[in-house]
Structures are given as structure tokens and as C-alpha cells.
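Naming: A, B, ... by sequence-line order, numbering from 1 per chain.
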Amino acid sequence: MWAMIEKLRVSSVPMMAKGGDTRWRMGAWQIPRGTASHRWTVESSEVVRMVNAMSPVRVRFAPSPTGMLHVGGARTALFNWLFARHHQGTFILRVEDTDDQRNTPEANEAIFSGLTWLGLDWDEGPNRGGPRGPYRQSERTAIYEGYLAKLQAADLAYTDADGSVRFRCPNTTRAIPDLICGETVFAGRTEPDMTVRRANGSFIFHFVNVVDDIEMGVTHVIRGEDHLPNTPRHLDLYEAFGVTPPHFAHIPLILNANGSKMSKRDEGASVAEYQSAGYHPEAVLNYLALLGWSPKEDRELFCREDLIARFTLGGITRGNAMFNLDKCGWLSGQYFHVMEPAPFRDMLLPYLTAAGLQTTADALPDSLLLELRTKVRMLSEAVPLLAALVQDDFPVDAAAVAKLRSQSDPKPLLDALATAFAGVGTWQAADLDAAIGRAAEGLGIKKGALMFPCRIALTGQSGGFGLTTILEQLGRERALDRLTRFS
RNA sequence: GACCCGUUCGUCUAGCGGUUAGGACACCGCCCUUUCACGGCAGUAACACGGGUUCGAUUCCCGUACGGGUCGCCA
């Protein structure tokens, strides 16, 4: 057993500073750059359990309530969550709401609902509690004051002319042993001492971030690469507090289709957009996982258990990635295509209602859903498809109607169909199909030539469900009514 | 501007010195088909550039170019 663990230590980054030395020193972790040896290679769950028992993984997602859950943030949350679940560790949600202007109930809710929609549950955090709380920075002022007192006691902090508190930042050269980027060295600089507390009493991000990570026992900081250049200053703080810093893993950013950093206002930037467009949440999770991380297998579909089992920091890509809506949509379709009718109905019904369609579970039989599931990539696509089937008021495609009229007068065709349908034995696919055949034969035209006008008359659309499905779904009365009323 | 990170098909990626450079989305064609889809099959398409190291570089090193990030009393 120990041999396995030793081997693990060699093949991955040391889990902790050795020999109980809590003082982290620069260069203590020699990570050969540009080699794969620094990558996290833990795979066996047995080994994971052993290591975890020695040094339980604690990670956190620390969003700021900006009013939405950004996809970049969601992916950071996902990577942290996967890492925690893979190592049977703890996933903490901490709300960084030190900026009062942003700290609204709605903004907080946007984070919670986004994470919940994706199924990213937190072990400790708001609405959940935990031993290291509170988990909102706005409620941790006393803790920050305590840490600030430590700094002041050591003469490492002072109040400047503007009334702000500054940290005597050593600004020394720092080598960050990053689990993804390798050892990254930042030369010492001569910058003004960093502010840790504003004149109005509120604390600055860098300070509270470090204090909270210490207080919450965070072992691995997995965050966006945009934080990498800030890390040396964070290290200064850890050193000042005499605490061994956590492991760092900076993940590449998500870019827009035009190559720029995806920001708040960009299309598809908010998780809520995927929710309202009716993407399958498991698919979005799946897609996000594959954006900047790879299980190195020639397949694309991974359920969350698959992801948990496979997730390692070593699989994280080095370069930034552009978000591709097409692929996300395709993946979503893949999930719907194989969905069982019952859960599909459960997901669909509230969505249709919210979209303004008057319908019930009874109006969505299994047979219909089995056909529908292959036609949608997201639930919003089901709305126009279903509109004509579940209600009498439905949109009509003017172009399709125009095309129909340009070909021939549809009236005699529809009358012939209505007659054939009226004499049908049962209002079921086989009989209905036969009736269409008879009508076509009687008119001396092909079946297909009859089905297009029929489709237009019944649904107003040139595409959609199979014609017999439409007929069955509408029922004899409504179908015949629409055929005879079409003009 | 300074500092950091990065660079394989349009996009997401596999590749860790010797491969016909693989997969996926998208695209194109064919098949299936009453429509729209689904599905199946096939195809177009990539190692940024220049130097090294090496018998041999997509893989290792150094430059250049390009992209991104950070340099806030925003997080």
C-alpha cells in the first residue's frame, strides 16, 4: 500500500509540504516544466481513497454575484466539483460579495439556480451550512479583521494617507508550482503596497480570498488563468500569515467565437440562456467538461459519473478554448434522442407551459414523444413542432402555403382525402395510410403529392411529425375539420 | 508598454521522436425517407513561421509572429 502511495507521490505533485513543515518555501516543489510528470495522474479509486484519507481534498468555487452564472464560471465550478467528487473530497461554494452594489438577492439566486440546474451540488456553502462558515464574505468581516490584526501586529499593514489599509507586500520573486502550467516564475517587482481594506471599511478581493482559503482549509485552488498573475501577491499573503499555500491549478479561459474573452454581454455567456433555450442540462455539463479538458477517448458522450471517474487535472488543456454553440446543441440533441418518454414529458411539460402552449400530459402520449425526441436539440424546438397538434390556434407558414397553391388547387385533393378518411376503419396509422393510398389512386397521383397538401392543411407547416402521427394526434374530428376548412 | 500563459483541420480535441497525423461538431455528397429530422456511409479540411538538437521532428530547445491574460480601493 505504501509503495503505491509513494509511487503516487513521485508521479504527481506532493500532496503536502513534507515532514510537517507548514512553512512553504519557494522552490520547495520542484516541478519540471514542460514535462508530463507534474500532471495529476491519480486514477485508481482505491489509491484515491488512501490518499484522500491522508489529505482530504477541499476545493471551492468562489463566484461574485454579478447577476448571472457565466459559462466560464460554470466550467470552473464544474472542474472543482469533478475534482472534489473524483477524490471524494469536499466542494465548497463561497460567495464573494464584498462589493455591496452587486450583492443582491437576485444576483445570489442566479448563481444558485445555475449551479443547481447543472446538478453541481455543494457540500458546504450558502443554504447548506458547514463547519467553516459563514460562506458569504459579507458575513465574515470579523474574521477578516482578525487576520488584519495579525498583519498589523507584525507591522505588515499600515493605514495610508487616504485612510485605506495597505499590506507591506514584499513583491519578491515567486515561483508558482502550478499543476497545469508547470512552474511559473514571476520576477519581483516594485509596485505600491497592495490595498487590503478600503477607507470605507470593506476588504479587497486578494485579501479575503486568501484569508478564506486558509480558514476554509482549501487544499487546491482551481481557478481561471486570469488569476495566475495575481498569485505571487497571494503567496506574499500566505507567507505573511505563516501558512502553507494550497496547490494551484490555473485553467485556460473560454473565448467567444471571435476569439475574445467571453464576457458578460456576449451571446451564450450566461448559463440561464441555455436553460431558457431548453438545452439538456446534462448535455451542457458534458459539453462544458469537454471544453478545456479531455478524457482522451474517441467519444463525446460522458454522463456525470463517467466524468467523475475520469477527471484529472492532467487532462486539462493548456490553451484557451472557443465556445461552440453548434456542438453544444448537437450534444444536447444526443441526450434528448435517447430519452425515455416519461422523463422527457416531465422535462417538456413545464417548458411548454412556460412558452405559452396550452397542453397537458395526456396530450403528449409516449408514441408522440418517441418521435419528438429525435427532432429536437433543445426544448425550444419542440414548441413550434407541437403547437398545431395540441391547440387549434397555430402559426401557418405562408411560404409553404404559397408553394402549395402554385402547384395546383388543393381543394379537390383535400376533399378526396377527407372522403377517404371518413370511411376509415380505425383512426390508426395503418388504416390512415391505406386511406391516403386509396385517395391517391382515385385521383391518379402519387401518395406523396397528396401528403404535402394534407400536411399543410393540418399543421400549416411543411415539416414536422410523420403525417400519420399528426392525424392520430389530432383525432378524426379535428383532422377532418381542418381538411374541409382549409381554403 | 512590462510581465505571464498559450499556438494540431473553421471549432473542440487525440498525439508526449519514426503515425496514411486519429475522433467529434460544422460543411459537402450518397443512402434511408411523404416532409422535417434521426440514423448509416463516404469526402474536403490542421501540425503558425524561422533556426537549432537528432539518423529522424507535430512531438525537445531558442527566437519571431499571432492570440489571450494580468498590471484597480472589480472579483
Side-chain angles (χ1 to χ4, degrees), chain A residues 34-37 39 62-66 73 95-99 101-102 137 160 162-166 176 178 180-182 184-187 189 191-192 194-200 202-209 223-233 250 252-253 255 257 259-261 287 290-301 315 317-331 333-334 336-338 371-377 381 384-385 400 433 436 440 446-456 459 461-468 470:
Chain A
T35 72
S37 63
R39 296 303 181 87
S64 164
T66 58
V95 179
E96 307 221 329
D97 54 356
T98 55
D99 183 344
Q101 291 187 322
R102 293 181 177 181
Q137 291 186 329
D160 69 11
D162 298 323
S164 305
V165 181
R166 289 176 181 265
I176 300 161
D178 195 273
I180 293 168
C181 301
T184 304
V185 179
F186 287 86
R189 315 187 65 173
E191 283 171 7
M194 64 187 281
T195 305
V196 294
R197 187 176 207 178
R198 301 182 186 89
N200 69 9
S202 63
F203 289 92
I204 301 299
F205 160 74
H206 302 287
F207 180 78
V208 296
N209 189 266
R223 69 200 343 179
E225 200 179 45
D226 48 340
H227 288 293
L228 187 56
N230 291 150
T231 309
R233 301 296 74 81
H250 288 94
L253 273 20
L255 269 27
S260 65
K261 179 182 177 182
Y287 178 75
L290 259 24
L291 194 61
W293 173 77
S294 170
K296 307 182 195 299
E297 288 176 48
D298 280 348
R299 66 183 176 113
E300 314 294 319
L301 270 70
T317 309
R318 308 284 242 96
N320 294 341
M322 291 190 194
F323 196 97
N324 184 228
L325 266 181
D326 275 330
K327 186 159 183 177
C328 187
W330 171 80
L331 212 41
Q334 294 301 304
F336 283 125
H337 294 347
V338 297
E371 190 175 335
L372 177 65
R373 71 180 186 179
T374 65
K375 295 180 183 296
V376 297
R377 289 151 58 100
E381 295 172 346
L385 241 25
D433 192 54
I436 297 170
K446 288 184 177 179
K447 255 172 86 177
L450 203 45
M451 293 171 101
F452 180 65
C454 183
R455 171 181 294 285
I456 300 295
T459 69
Q461 307 295 318
S462 59
F465 289 94
L467 188 50
T468 53
I470 293 169

Side-chain ([X]) to main-chain ([Y]) donor-acceptor, under 3.5 angstrom:
X      : Y      : answer
A:K375 : A:G464 : yes
A:D178 : A:H250 : yes
A:Y287 : A:G329 : no

Could you check whether [X] gets within reach of a base, just the sugar-phosphate, or nothing at all, counting any heavy atom under 4.0 Å?
X      : value
A:G466 : base
A:H250 : nothing
A:G464 : base
A:F465 : base
A:Q334 : sugar-phosphate
A:L467 : base
A:E297 : nothing
A:R233 : nothing
A:F452 : nothing

Nucleotide paired to [N] in any strand shown, Watson-Crick or G-U, under 3.5 Å:
N     : value
B:U7  : B:A65
B:G72 : none
B:C38 : none
B:A46 : none

Exercise for the section: With the side chain counted from C-beta on, respond yes when A:E300 and A:K327 share a heavy-atom pair under 4.5 Å apart, and no when they do not. Expected result: yes
Exercise for the section: Compare all side-chain heavy atoms of A:R377 with those of A:D326 and state whether any distance is below 4.5 angstrom. Expected result: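 The answer is yes; the side chains approach within 4.5 Å.
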Practice task
Determine the Euclidean distance between corresponding C1' atoms of B:A48 and B:G10; express it in Å to zero decimal places.
Solution key: 15 Å
Problem - Separation between the C1' atoms of B:G50 and B:C66, rounded to whole Å - result: 14 Å
Separation of atom [atom1] in [X] from atom [atom2] in [N], rounded to whole Å:
X      : N     : atom1 : atom2 : answer
A:W330 : B:A26 : CH2   : P     : 8 Å
A:L290 : B:C25 : CG    : P     : 12 Å
A:E96  : B:C74 : CD    : P     : 14 Å

Exercise for the section: Could you check if the base of B:C38 is syn or anti? Syn means the glycosidic torsion is within 90 degrees of 0. Expected result: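 What B:C38 shows is a syn base, its glycosidic angle lying within 90° of 0.
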Is there a donor and acceptor pair, one atom on the side chain of [X] and one on the base of [N], closer than 3.5 Å?
X      : N     : result
A:K375 : B:C38 : no
A:S164 : B:C73 : yes
A:D162 : B:C73 : yes

Problem - Short side-chain N/O contact to B:A75 OP1/OP2 from A:R198, under 4.0 Å - result: yes
Exercise for the section: Look up atom CZ in A:F323 and atom CG in A:L291, then write down how far apart they are to the nearest 0.5 Å. Expected result: 6.5 Å
